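Down below is the structure, laid out as structure tokens.
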Amino acid sequence: MTSKKFCAILKSKKGSAFPLTIAVTMALLLLLCVASEGIRLMIIAQGVRDAVQSAVISTVNDGYDNVYHGVREGYSGAYQPSADDFEESLDYGDIYGRLDKLLELRQENGYHVKYAGDEAEFRLSNLSVHLRNMPLAPSDPDNANGYLADAVIRLEVPVRFGGNILPPMTISLKVQAKYMPLF
């Protein structure tokens, strides 16, 4: 190759957009990776929230035998007749047990962990359930309060990017279920 041909190649504008094309492609690939990891985190959080909600609803519905059916009064509450009055009868059930079956979780070091192969996909902890009983003969005709179960659980999902594990996404999922008599 002569020096004239080499100089002509250097002065030529052919291929000058090639580095820019590579940079744009790499930037789009990076954005696609970030978006796919974000979508993965949202799908896991939504699935766990739905499973917790299902477990809480099942627990509340399983407590139906403890509910005083005040059909005439148009409300229901978790009461059982005692000697001359009614006493509260709240059943918290086994929500973790239901979650373990629904999501195929394993108990490890105080956590309930879901594995995908050998790697932990997410882990659950700090389940807190609060049952709010409806008062006997409530003053609210619309029964806005009702027999409610509020549950909060902590979800930790490891974040992966570029082959590295980053600090986990940690959120508290809140779920509410209400018992409503059908008849």
Side-chain angles (χ1 to χ4, degrees), residues 35-82 85-117 119-160 167-183:
S36 66
E37 184 65 13
I39 290 170
R40 182 185 78 86
L41 295 173
M42 287 190 317
I43 288 172
I44 289 173
Q46 183 66 34
V48 169
R49 189 194 66 78
D50 290 347
V52 170
Q53 187 171 27
S54 175
V56 169
I57 288 171
S58 295
T59 300
V60 167
N61 285 338
D62 284 352
Y64 77 94
D65 57 340
N66 295 330
V67 173
Y68 168 69
H69 297 284
V71 175
R72 183 171 163 215
E73 291 84 5
Y75 68 94
S76 298
Y79 295 96
Q80 288 185 338
S82 66
D85 200 12
F86 287 93
E87 65 182 37
E88 245 184 0
S89 174
L90 299 175
D91 182 11
Y92 284 84
D94 184 19
I95 294 176
Y96 264 136
R98 292 178 190 274
L99 281 175
D100 289 346
K101 288 179 186 174
L102 279 171
L103 299 173
E104 299 174 358
L105 303 175
R106 291 188 228 164
Q107 291 185 19
E108 294 179 357
N109 301 325
Y111 291 98
H112 294 258
V113 184
K114 169 71 173 182
Y115 282 95
E119 294 185 22
E121 189 173 345
F122 62 84
R123 62 187 192 172
L124 301 173
S125 63
N126 298 338
L127 174 66
S128 144
V129 179
H130 176 69
L131 295 177
R132 287 188 279 164
N133 204 4
M134 181 173 226
L136 282 173
S139 59
D140 184 10
D142 295 331
N143 299 327
N145 292 332
Y147 178 54
L148 296 172
D150 295 315
V152 178
I153 195 164
R154 183 174 170 208
L155 169 67
E156 292 180 27
V157 183
V159 178
R160 297 175 184 91
M169 173 191 80
T170 303
I171 58 173
S172 292
L173 299 173
K174 297 177 184 177
V175 174
Q176 186 177 67
K178 179 177 181 178
Y179 176 81
M180 296 178 65
L182 294 177
F183 302 102

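Bear in mind the structure is a predicted one, so any value in this text is a computation, not a measurement. For this chain, numbers begin at 1 and follow the sequence in order.
With hydrogens and angles disregarded, a donor-acceptor distance shorter than 3.5 Å links the side chain of Ser58 to the backbone of Ser54.
With respect to the salt-bridge test (charged N to carboxylate O, under 4.0 angstrom), the residues Arg160 and Glu119 qualify. In summary, Glu121 and Lys114 do not engage in a salt bridge, as defined by a charged side-chain N under 4.0 Å from a carboxylate O.
Counting heavy atoms from C-beta outward, Tyr111 and Glu156 have side chains that approach closer than 4.5 Å. Looking at heavy atoms from C-beta onward, Leu127 lies in side-chain contact with Tyr96 at the 4.5 angstrom threshold. Considering only heavy atoms from C-beta on, Arg40 comes within 4.5 Å of Val157 through its side chain.
In plain terms, the two heavy atoms of Ser125 and Gly110 that are nearest each other are CB-O, 4.2 Å. Taking both residues in full, the closest heavy atoms of Leu105 and His112 are given as CD1-CB, 3.8 Å, listed atom of the first, atom of the second, then distance. The two residues Ala120 and Val113 come nearest to each other via the heavy atoms CB-CG1, 3.8 Å.
To the nearest 0.5 angstrom, Phe122 atom CZ is 5.0 Å from Leu103 atom CG. Here CG of Leu155 is found 12.0 Å from CZ of Arg49. Values are rounded to the nearest 0.5 Å. Separation of atoms CG (Asp100) and CD1 (Ile95) is listed at 12.0 Å; rounding is to 0.5 Å.
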Full working for side chain to side chain contact (heavy atoms under 4.5 Å, CB included) between Ile153 and Leu99: CA-CA 11 Å; Ile153 195 164; Leu99 281 175; 3.9 Å; yes
Tyr115/Arg123 under side chain to side chain contact (heavy atoms under 4.5 Å, CB included): CA gap, chis, key distance, verdict: CA-CA 9 Å; Tyr115 282 95; Arg123 62 187 192 172; over 6 Å; no
Step-by-step side chain to side chain contact (heavy atoms under 4.5 Å, CB included) determination, Leu124 to Arg154: CA-CA 6 Å; Leu124 301 173; Arg154 183 174 170 208; over 6 Å; no
Derivation of the side chain to side chain contact (heavy atoms under 4.5 Å, CB included) call for Leu173 and Val48: CA-CA 8 Å; Leu173 299 173; Val48 169; 3.5 Å; yes
